[in-house]
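Data first, discussion second: the structure below is written as structure tokens.
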Amino acid sequence: MNKRLQEREEINKLYNLPENRRLKYIALAVMAVVVVLLLSMTIWLENIQPKVMLIIRGCAGLGALVFVVLVGILTYRVNKQHITDRGNQ
């Protein structure tokens with residue numbers, strides 16, 4: 001059990017490196033923009049033209065895809081570094 005906690009702490013340290021932390025914050029900002037787009041669409045549902053609604057939904061979908069790609073890159077970078085560090089020990 002202690003080894004698992006130690007590994008988890010090592011992984012958390014890798015996630016909190018400056019370049020990984022920056023990527024994490026960018027991903028969270030993208031998701032915040034997506035949420036704002038979707039909330040604004042639901043608030044002004046009656047006043048928005050159908051074409052504009054489709055554009056907003058498309059932008060929200062693209063934002064969600066960008067979020068998934070950023071989180072995938074972040075996860076890959078952290079796991080790659082963790083496996084490299086484990087192999088060098």
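For clarity, every value in this text was computed on a predicted model and none was experimentally measured.
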CG on L23 to OG1 on T75, rounded to 0.5 Å | 9.0 Å
Can you name the closest pair of heavy atoms from A64 and V34 and give their distance?
-> N-CG2, 3.8 Å
What pair of heavy atoms forms the shortest contact from V30 to G63, and how long is it?
-> CG1-O, 3.2 Å
Are F67 and V69 joined in one hydrophobic group, where the rule is that I, L, V, M, F, W and Y side chains link up if heavy atoms are under 4.5 Å apart?
-> yes
Decide whether I26 and Y15 are clustered together by the hydrophobic rule: side chain heavy atoms of Ile, Leu, Val, Met, Phe, Trp, Tyr closer than 4.5 Å, transitively.
-> yes
Under a 4.5 Å side-chain heavy-atom rule over Ile, Leu, Val, Met, Phe, Trp and Tyr, are L70 and Y76 clustered together?
-> no
For the student: nearest non-hydrogen atoms of I48 and M53, plus distance | CG2-N, 3.6 Å
Starting at CZ of R77, measure out to CG of L74 and round the result to the nearest 0.5 Å.
-> 7.5 Å
Set of side chain to side chain contact (heavy atoms under 4.5 Å, CB included) partners for T42, sequence neighbours left out | L39
Nearest-0.5 Å distance that lies between atom CD in E9 and atom CD in E7 | 11.0 Å
Check whether any side-chain heavy atom of M41 lies under 4.5 Å from a side-chain heavy atom of V52, and answer yes or no.
-> no
So the side chain to side chain donor-acceptor pair (under 3.5 Å) pairs with at least one residue in residues 43-68 (sequence neighbours excluded) are none
First locate atom CG of D85, then atom CD of Q81, and finally report the distance between them rounded to the nearest 0.5 Å.
-> 4.5 Å
Identify whether L14 and L28 are in the same connected component of the hydrophobic contact network (ILVMFWY, side-chain heavy atoms under 4.5 Å).
-> no
Joint hydrophobic cluster, L38 plus L62, side-chain heavy atoms closer than 4.5 Å = no
Has the side chain of N88 got a donor or acceptor atom that lies under 3.5 Å from a matching backbone atom of T84?
-> yes
With N79, which residues qualify under side chain to side chain donor-acceptor pair (under 3.5 Å), at least two apart?
-> none
Any chance the side chains of Q6 and N2 put a donor and an acceptor closer than 3.5 Å?
-> no
